[in-house]
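Reviewing the structure listed below.
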Amino acid sequence: MRDLVLLAFVAAVVAMGFRRPFLWVLLYIYVDIVAPQKVGYGIITSISLSMLCFIAAFAGYILLDNKKGSRFTLRQGLIVTLLLWCGYTTLTADFPEPAAEKWDWVWKSLVFAAFLPLTLRTKLRLEAAALVMVLSAASIIISAGIKTVLSGGGYGTLVSLVQDNSGLYEGSTLSTVAIAMIPLIIWVARHGSIFTERKPAMVFAAALVFAALLVPIGTQTRTGLICIAVLGVLLMRTARYRFVYAGLAALGLLVALPFLPASYTQRMTTITEYQADESASTRVAVWRWTLDYVQENPLGGGFDAFLGNSFTYDMRQTVEVGNTETVVYQEVTDEGRAYHSAFFEVLGEQGYPGFAIWAVLQGLGLLHMERIRRRYRDSEDPAEKRWHALATALQNGQGVYLVGALFVGVGYQPFMFMLLGLQIAFYSLMKRDWTDKTAQTRPWLQDRMHENAGRGTTTGAAT
């Protein structure tokens, strides 16, 4: 029955897409995030649903959709360059078979991120994509939140929609993404024009934000706690009464502490004592190994190059001797341990060139959103205040992701690359608005734009 419902929903969107091809782009966003082929049990599990929707999204745009307003920008060029470099390092990978397996999903993530801004040629489409991303991730987050309330969760044991440990269903990844998307959740509910009933939208958003905050508790991931703290600091930038906001946040923490599971609070205490925790100690050792590795292999080792690591480190332990506690160091040898950091993941796998491309891509996103924020910071126009809020939401979400990425291997996470796609399209749309407004005040520029439009070109291409 579940398979039939999911297939009927997909079939309905496909049918509507023949009149509105952009719906196939939204369908792929849903399928890539939720992975309904994993949710079902029967026939849907044997269908390559993700690839079919991926092809449909591209075919719909190329064959049926209107291309007016579509632009290829500098950041899209960076994504394509990163894609090509990842392809090269995959061909020369230290471990060809694991690298090929990871390449199977990474290339789709990068290609779709470069393609998405081409389809988001209007503000309504941009908003629709943001809404579908929020609702798709919400289906996983709500499930995880409910199970956290009912069972308390556990590290590596919380199951959301399906029993899976990849993509958004992996605990640390879900914690990072859940907190990173909170600003976008609030923007969609407060400023979205698709759902105009504000009160129901805000009630749903409040419940969804609460569920997102429960995810790090249910998964018991330290990264999630750090992301919550970072988001709290970022939100203070736009808080009208910062001291009141900080006081309420502290009060909320004090009220919540007695209700937190003991296993969660015990695990969180290891954040500052990484030497006493094997997981944290291993991460530090892997990071040191990666730095040494790229010095010898500056072009990287391809996907999953960490399989070649081997190292020994000292882990601190506290033992009781009689009535006293003594600190001892136990030598631990480990090998083939994952990076547990997107920064070291990209650095180790793609070397200095790939890491530079990835870092510039991220940095430009923060700068572009800041440019929009500053332009509309003091505006009283409702539309401009709306776009200021969206720029802030996308910048805060990316900021949370980058901090969480310090401790989680999400360097190519599809959801976050979709977020970058939203940023690229948004910045391009804003630059088009700025060009149009400039043309209105300069008649000679407006005449030139009409001449270029007659030749089939568009001025003010985004960079």
Side-chain angles (χ1 to χ4, degrees), residues 89 93-99 101-102 106 154-157 165-166 170-176 216 219-227 229-230 263-264 266-319 325-356 358-359 362 401-413:
T89 58
D94 292 349
F95 299 91
E97 291 186 7
E101 291 179 6
K102 188 169 181 178
V106 169
Y155 183 67
T157 62
N165 196 39
S166 62
E170 193 277 322
S172 296
T173 302
L174 180 59
S175 296
T176 301
T219 57
Q220 296 190 3
T221 52
R222 291 165 294 197
T223 302
L225 179 61
I226 295 173
C227 288
V230 171
S263 57
Y264 174 79
Q266 290 173 1
R267 181 168 173 77
M268 294 308 106
T269 58
T270 62
I271 289 179
T272 58
E273 297 293 334
Y274 78 91
Q275 289 180 319
D277 180 75
E278 184 174 358
S279 175
S281 298
T282 301
R283 295 186 186 197
V284 175
V286 170
W287 298 346
R288 290 172 178 169
W289 174 87
T290 304
L291 293 175
D292 294 335
Y293 177 81
V294 293
Q295 288 182 1
E296 299 178 3
N297 303 271
L299 300 184
F303 294 128
D304 289 351
F306 69 85
L307 294 172
N309 65 38
S310 179
F311 44 82
T312 300
Y313 59 93
D314 293 327
M315 186 177 72
R316 190 175 67 183
Q317 291 183 331
T318 301
V319 297
E325 291 185 346
T326 303
V327 175
V328 298
Y329 289 88
Q330 179 182 2
E331 188 177 87
V332 178
T333 300
D334 215 333
E335 60 183 17
R337 296 303 296 262
Y339 298 102
H340 290 292
S341 170
F343 291 81
F344 288 94
E345 175 189 22
V346 177
L347 179 62
E349 294 179 346
Q350 310 307 328
Y352 294 120
F355 180 79
W358 185 85
Q362 301 291 343
Y401 159 71
L402 289 175
V403 173
L406 287 169
F407 312 101
V408 186
V410 288
Y412 320 94
Q413 219 293 318

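No hydrogens, no waters, no symmetry mates; every other heavy atom, side chains included, goes into these values. These figures come from a predicted structure and were not determined experimentally. We're numbering straight along the sequence, starting at 1.
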Shortest non-hydrogen contact from [X] toward [Y]:
X	Y	value
G411	A342	N-CB, 3.4 Å
Y293	A305	OH-CB, 4.2 Å
P353	P298	CD-O, 3.5 Å
G404	C227	CA-SG, 3.6 Å

Side chain to side chain contact (heavy atoms under 4.5 Å, CB included) evaluation trace for T173 with V408: CA-CA 7 Å; T173 302; V408 186; 4.0 Å; yes

How long is the gap from [atom1] on [X] to [atom2] on [Y], to the nearest 0.5 Å?
X	Y	atom1	atom2	value
S175	E170	OG	CD	8.0 Å
Y412	E349	OH	CD	4.0 Å
D304	E345	CG	CD	8.5 Å
T176	L406	OG1	CG	10.0 Å
L307	R337	CG	CZ	12.0 Å

Can you find a heavy atom in the side chain of [X] that is under 4.5 Å from one in the side chain of [Y]?
X	Y	answer
W358	L347	no
V403	I226	yes
V286	H340	no

Within the 6.0 Å centroid threshold, strictly below: F343 and F407: no

Centroid-centroid under 6.0 Å between Y339 and W287 rings: no

Between T221 and T219: side-chain donor-acceptor atoms closer than 3.5 Å: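 Looking only at side-chain atoms, T219 and T221 do form a donor-acceptor pair, the distance falling under 3.5 Å.
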
Donor + acceptor pair across side chains of Y352, N297 (<3.5 Å):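 No donor-acceptor contact under 3.5 Å links the two side chains.
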
Residues Q350, F303; criterion side chain to side chain contact (heavy atoms under 4.5 Å, CB included); working and verdict: CA-CA 8 Å; Q350 310 307 328; F303 294 128; 3.3 Å; yes

E97/K102 ion pair, N-O < 4.0 Å: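 Judged by the 4.0 Å cut-off on N to carboxylate O distance, E97 and K102 do not form a salt bridge.
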
Main-chain N/O of F306 paired with N309 side-chain donor or acceptor, under 3.5 Å: yes

